[in-house]
Visitor: 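Structure in structure tokens, see below.
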Protein chains: 2
Amino acid sequence: MLELFRALSDETRLRIIKLLELGQLCVCDITAALELSQPKVSFHLSILKEAGLIMDRKEGKWVYYSLSAGDLFTRFLIISICEKLPNDADMKRLEDSRKARKC
Amino acid sequence: MLELFRALSDETRLRIIKLLELGQLCVCDITAALELSQPKVSFHLSILKEAGLIMDRKEGKWVYYSLSAGDLFTRFLIISICEKLPNDADMKRLEDSRKARKC
DNA sequence: CTCCTATATCAAAATATATTGATATGATAA
DNA sequence: TTATCATATCAATATATTTTGATATAGGAG
């Protein structure tokens with residue numbers, strides 16, 4: 001429970017969770033959407049993964065991350081975050097990046 | 001929401017919340033129950049208060065803290081914490097301290 | 001094989017948070 | 001008044017977390 005709250009106590013990580021509400025995304029999509037450096041994004045993804053909030057799947061060069069099922073409490077937290085967090089700017093950048101076929 | 005998770009991402013603060021499930025407690029009760037220094041306890045109480053999780057009430061020399069009502073999401077978090085967190089040792093020390101009438 | 005791309009990891013630096021010991025405040029009791 | 005108790009706050013230190021820049025790894029393309 002403490003690890004869960006720790007994982008959620010960072011703005012970047014909440015933004016990642018909100019982005020993943022859309023479905024699986026690769027690291028470069030997330031990096032483009034958040035406008036952050038790739039090592040930074042990888043760092044935060046690793047913390048979310050450790051806490052059991054997200055999972056990854058390798059496919060060729062890419063690693064796709066998505067929200068993991070988790071228990072009822074965890075899912076409730078994720079739903080609440082997604083409901084309350086605005087992320088229009090991130091979404092827009094994600095769309096732009098995908099149109100540009102950057103990865 | 002971020003402030004809420006930040007406030008909850010510390011073991012001492014979760015222990016305080018769990019103790020306050022019992023009802024209002026003064027700082028010296030909490031200090032005795034957790035076996036921590038008074039400034040440390042005051043520090044963590046101030047963070048919980050800032051986040052809207054607890055409230056305080058002055059009465060003479062004492063300051064009593066209790067869980068604050070908050071919104072539905074906040075209350076759900078508090079209930080979940082209290083349900084999942086064991087704190088037998090803290091409770092025992094609280095009882096002992098009260099029997100000894102230390103404050 | 002060589003080059004490029006996507007991602008992870010590492011060490012160092014930067015920043016944030018927590019702890020300690022000392023002191024301040026304010027209420028009460030003697 | 002003076003002493004004492006409960007609590008808060010502060011400055012200094014200690015500790016934890018995050019960020020950065022560099023490098024490693026591994027897959028695919030040419």
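We use all heavy atoms of the structure for the numbers below, so side chains are in, but hydrogens, waters and symmetry mates are not. First the proteins, then the strands, lettered A, B, ... as listed; each starts at 1.
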Visitor: Checking all strands, does B/L36 fall into the base, sugar-phosphate, or nothing category for heavy-atom contacts under 4.0 angstrom?
Guide: nothing
Visitor: Less than 4.0 angstrom between a side-chain N/O of A/R6 and OP1 or OP2 of D/dT17, yes or no?
Guide: yes
Visitor: Roughly, in whole Å, what's the span from NZ in A/K49 to P in C/dT7?
Guide: 13 Å
Visitor: Hey, which of these two, A/F43 or B/F43, hits DNA chain D nearer its 5' end, going by closest nucleotide?
Guide: B/F43
Visitor: With a non-hydrogen cut-off below 4.0 angstrom, is A/K58 in contact with a base, only sugar-phosphate, or nothing?
Guide: nothing
Visitor: Expressed in angstrom and rounded to an integer, what is the separation of A/K61 atom NZ from C/dC4 atom P?
Guide: 12 Å
Visitor: Quick one: B/L2 CG to D/dT18 C1', roughly how many Å, whole number?
Guide: 14 Å
Visitor: Atom CG of A/L34 and atom P of D/dT18: how far apart are they, to the nearest Å?
Guide: 15 Å
Visitor: Could you tell me how far apart A/I54 (CD1) and C/dT7 (P) are, to the nearest whole angstrom?
Guide: 13 Å
Visitor: Testing the 3.5 Å rule here: is there a donor-acceptor pair between the side chains of A/S46 and A/E50?
Guide: no
Visitor: Which of the following nucleotides, D/dT20, C/dT20, D/dT7, is nearest to the side chain of A/K40?
Guide: D/dT20
Visitor: Closer than 4.0 angstrom, basic N to acidic O: yes or no for A/K18 and A/E21?
Guide: yes
Visitor: Whole angstrom is fine here: how far is it from NE2 in A/H44 over to P in C/dT7?
Guide: 17 Å
Visitor: Can a donor-acceptor pair under 3.5 Å be found between the side-chain atoms of A/Q38 and the base atoms of C/dA6?
Guide: no
Visitor: Nearest-Å distance, CD (A/E50) to P (C/dT9)?
Guide: 10 Å
Visitor: A/C28 has a side chain; which of D/dT7, D/dA22, C/dT7 sits nearest to it?
Guide: C/dT7
Visitor: If you measure from the Lys or Arg side-chain nitrogens to the Asp or Glu carboxylate oxygens, is any gap between B/D96 and B/R93 under 4.0 Å?
Guide: no
Visitor: One thing to verify: whether A/D56 and A/K49 come together as a salt bridge, which I'm taking to mean a side-chain N less than 4.0 angstrom from a carboxylate O.
Guide: yes
Visitor: Taking CG from A/L45 and C1' from C/dA6, how many angstroms apart are they, rounded to a whole number?
Guide: 13 Å
Visitor: Can you work out whether A/W62 or B/Y65 has the more 5'-proximal nearest nucleotide on DNA chain D?
Guide: B/Y65
Visitor: Regarding B/I47, tell me which of base, sugar-phosphate or nothing describes its non-hydrogen contacts under 4.0 Å with the strands shown.
Guide: sugar-phosphate
Visitor: For A/S46 and A/C103, find the nucleotide of DNA chain C closest to each by heavy atoms; which residue's nucleotide sits nearer the 5' end?
Guide: A/C103
Visitor: Would you say the side chain of A/I17 lies within less than 4.5 Å of the side chain of A/L8, judging by non-hydrogen atoms?
Guide: yes
